[in-house]
S.K.: 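For reference, the structure I am asking about is given below.
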Amino acid sequence: MTSPTATLLVSCPDQRGLVAKIANFIYANGGNIIHADQHTDFEAGLFLTRIEWQLEGFNLPRDLIGPAFNAIAQPLQANWRLHFSDAVPRIAIWVSRQDHCLFDLIWRQRAQEFAAKIPLIISNHPDLGAIAKQFGIDYHHIPINKENKAEQEAKQLALLQQYRIELVVLAKYMQVLSADFIGNFPQVINIHHSFLPAFAGANPYQRAYKRGVKIIGATSHYVTEDLDAGPIIEQDVVRVSHRDEVNDLIRKGKDLERVVLARAVRLHLENRVLVYSNRTVVFE
């Protein structure tokens, strides 16, 4: 799609006529809907939808679309977000020592698999600074321990504001974000292996190998105050066998982490994810 589009993500209490009301708002203003998807969670009594339309020929200027739709959304008790396809988000990648997800995200961004700018990499170790330099991305080494965590997170938040970052991607960043940090910057996506909670902590692949696991996988989710328990965006698995050694498990796990994290980031950047009650609806 070369011409710019607008996308509305809406969630509200389920009731009759919601699809018609939202679609009519676009139709009445001369819009051409190109994608529309919806889901009703009957247990929660909630209606969720994603609707995208062409801005060419739309009667309302961009700065008036939100206020005009809000007049419809308020009586529906709706939560909503409006996005424009030609607005390119700015993301920061956070890493520790592992580089596989970092390389993958940079490559996919350079290959235009998703639309985003990556002006900033933050790490609690200096190890991956050469990669940032190779791709012309600013790299900030901010070591963190229990004694300086609050001070260092304040520096991280200041950098996010300085670089106008809209999304943080934890690409194997081996530190836990504090509740205070998440309260100030909630747009964070994480990736981890599927051995949690059974094999939490160090050397999960070695311990899984000793247990003879037959499936390994990866999970990408939004970060919340509860460690590794945020709303899940994307997951995948791969089978392993008795012939696989520990290095095979690690290799397969890294492959999955790359793919699953990239999918989650792309879905977020394309505004296809709605979060509610620690769950997600993902409009593919």
Side-chain angles (χ1 to χ4, degrees), residues 1-91 114-117 157 160-161 164-168 182-189 221-225 230-231 233 264-284:
M1 178 62 63
T2 55
S3 61
T5 63
T7 299
L8 271 170
L9 289 167
V10 184
S11 63
C12 65
D14 189 31
Q15 53 198 283
R16 294 180 184 274
L18 289 172
V19 174
K21 288 178 181 178
I22 297 171
N24 188 62
F25 165 75
I26 298 168
Y27 169 75
N29 288 289
N32 178 41
I33 296 172
I34 57 173
H35 295 293
D37 203 349
Q38 67 192 63
H39 172 69
T40 302
D41 185 326
F42 291 102
E43 183 176 347
L46 202 62
F47 172 83
L48 308 103
T49 188
R50 178 188 188 273
I51 190 163
E52 182 178 4
W53 71 97
Q54 291 175 310
L55 286 170
E56 184 178 354
F58 197 62
N59 296 332
L60 293 175
R62 297 189 187 202
D63 59 335
L64 294 183
I65 296 175
F69 182 73
N70 193 52
I72 297 172
Q74 282 190 335
L76 302 177
Q77 301 177 22
N79 296 313
W80 60 276
R81 304 198 313 269
L82 174 66
H83 304 275
F84 300 108
S85 63
D86 54 0
V88 181
R90 297 169 64 84
I91 68 177
F114 55 77
K117 295 179 180 178
L157 287 168
L160 298 182
Q161 183 176 15
R164 305 191 311 280
I165 299 300
E166 299 165 67
L167 174 69
V168 167
I182 296 168
N184 283 282
F185 195 96
Q187 293 294 293
V188 183
I189 292 176
H221 61 91
Y222 290 113
V223 175
T224 63
E225 296 180 15
I233 307 169
V265 170
R266 179 181 56 80
L267 289 166
H268 175 92
L269 293 175
E270 292 180 355
N271 306 301
R272 297 184 180 276
V273 186
L274 261 173
V275 177
Y276 73 103
S277 302
N278 206 43
R279 299 181 61 186
T280 61
V281 168
V282 179
F283 297 110
E284 295 282 2

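Quantities reported herein were computed from a predicted structural model and do not represent experimental measurements.
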S.K.: What's the spacing between Leu48 CG and Leu274 CG if we round to 0.5 Å?
M.R.: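 With rounding to 0.5 Å, CG (Leu48) is 5.5 Å from CG (Leu274).
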
S.K.: Compare every heavy atom of Leu9 with every heavy atom of Val273, then report the nearest pair and how far apart it is.
M.R.: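 For Val273 versus Leu9, the nearest heavy atoms are O-CD1, 3.9 Å.
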
S.K.: Can a donor-acceptor pair be found between the side chains of Tyr276 and Asp41 at a distance below 3.5 Å?
M.R.: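 Yes, Asp41 and Tyr276 have a side-chain donor paired with an acceptor closer than 3.5 Å.
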
S.K.: Once rounded to the nearest 0.5 Å, what's the spacing between atom OG of Ser3 and atom CG of Asp86?
M.R.: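 It comes to 10.0 Å.
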
S.K.: State, to 0.1 Å, how close Pro89 and Ala115 come at their nearest heavy-atom pair, and which atoms those are.
M.R.: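 Closest heavy-atom pair between Pro89 and Ala115: CD-O, 3.5 Å.
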
S.K.: Might you work through the side chain to side chain contact (heavy atoms under 4.5 Å, CB included) test for Thr5 and His83, ending with a clear yes or no?
M.R.: CA-CA 8 Å; Thr5 63; His83 304 275; over 6 Å; no

S.K.: Would you indicate whether the side-chain heavy atoms of His39 and Leu46 approach each other to under 4.5 Å?
M.R.: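 Counting from C-beta outward, Leu46 and His39 never come under 4.5 Å.
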
S.K.: Is it the case that the side chain of Arg50 and the backbone of Asn271 share a donor-acceptor pair, with hydrogens and angles ignored and the cut-off at 3.5 Å?
M.R.: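 Judged by distance alone, yes, a pair lies under 3.5 Å.
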
S.K.: Could you give the distance from CZ (Arg62) to CG (Leu82), rounded to the nearest 0.5 Å?
M.R.: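 Spacing of CZ (Arg62) from CG (Leu82) equals 9.5 Å.
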
S.K.: Locate the shortest heavy-atom distance separating Ala68 from Leu60; write the atom from each residue and the value.
M.R.: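 Closest heavy-atom pair between Ala68 and Leu60: CB-CD1, 3.8 Å.
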
S.K.: Find out whether Ile51 and Phe25 are in side-chain contact, i.e. whether some heavy atom of one side chain is under 4.5 Å from a heavy atom of the other.
M.R.: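 The answer is no; the side chains never approach within 4.5 Å.
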
S.K.: Any non-hydrogen side-chain atom of Thr7 less than 4.5 Å from a side-chain atom of Arg272?
M.R.: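 In short, these two side chains do not touch, never coming nearer than 4.5 Å.
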
S.K.: Can you see which heavy atom on Ile91 is nearest to which on Phe114, and at what distance?
M.R.: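 Smallest interatomic distance, heavy atoms only, reads CD1-CE1, 4.5 Å.
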
S.K.: If you define the side chain from C-beta out and look only at heavy atoms, does anything of Ile233 sit under 4.5 Å from Ile189?
M.R.: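 A side-chain contact under 4.5 Å exists here.
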
S.K.: Are Leu55 and Ile65 close enough that some pair of their side-chain heavy atoms sits under 4.5 Å apart?
M.R.: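 Yes; the side chains approach each other to less than 4.5 Å.
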
S.K.: Grab the two heavy atoms, one from Asn70 and one from Trp80, that are nearest each other, plus how far apart they are.
M.R.: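 So the minimum-distance heavy-atom pair works out to OD1-NE1, 3.2 Å.
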
S.K.: Kindly compute the distance separating NZ (Lys117) from CD (Glu166), expressed to the nearest 0.5 Å.
M.R.: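 Lys117 atom NZ to Glu166 atom CD measures 10.0 Å (nearest 0.5 Å).
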
S.K.: Would Tyr27 and Ile33 count as a side chain to side chain contact (heavy atoms under 4.5 Å, CB included) here? Give the steps.
M.R.: CA-CA 8 Å; Tyr27 169 75; Ile33 296 172; over 6 Å; no

S.K.: So Val10 and Phe47, do their side chains get closer than 4.5 Å, heavy atoms only?
M.R.: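 Heavy-atom side-chain distance check fails, nothing below 4.5 Å.
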
S.K.: Ser11 versus Val275: any side-chain heavy-atom pair under 4.5 Å?
M.R.: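 The answer is no, as the side chains (C-beta and beyond) never meet within the 4.5 Å cut-off.
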
S.K.: Between the main-chain N or O of Asp37 and the side-chain N or O of Thr49, is there a donor-acceptor pair closer than 3.5 Å?
M.R.: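 Between the backbone of Asp37 and the side chain of Thr49 there is a qualifying donor-acceptor contact (under 3.5 Å).
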
S.K.: For residues His268 and Tyr222, report the shortest heavy-atom separation together with the two atoms involved.
M.R.: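 Closest heavy-atom pair between His268 and Tyr222: ND1-OH, 2.8 Å.
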
S.K.: Determine yes or no for a side-chain-to-main-chain donor-acceptor pair under 3.5 angstrom, with Gln15 supplying the side chain and Pro13 the backbone.
M.R.: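 Yes, Gln15 side chain to Pro13 backbone: donor-acceptor pair under 3.5 Å.
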
S.K.: Please report the interatomic distance CZ(Phe185) to CG(Leu167), rounded to the nearest 0.5 Å.
M.R.: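 Rounded to the nearest 0.5 Å, the CZ-CG separation comes out at 6.5 Å.
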
S.K.: Please round to the nearest 0.5 Å and tell me the distance separating atom CD1 of Ile22 and atom CD1 of Ile72.
M.R.: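 Going from the CD1 atom of Ile22 to the CD1 atom of Ile72 covers 8.5 Å.
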
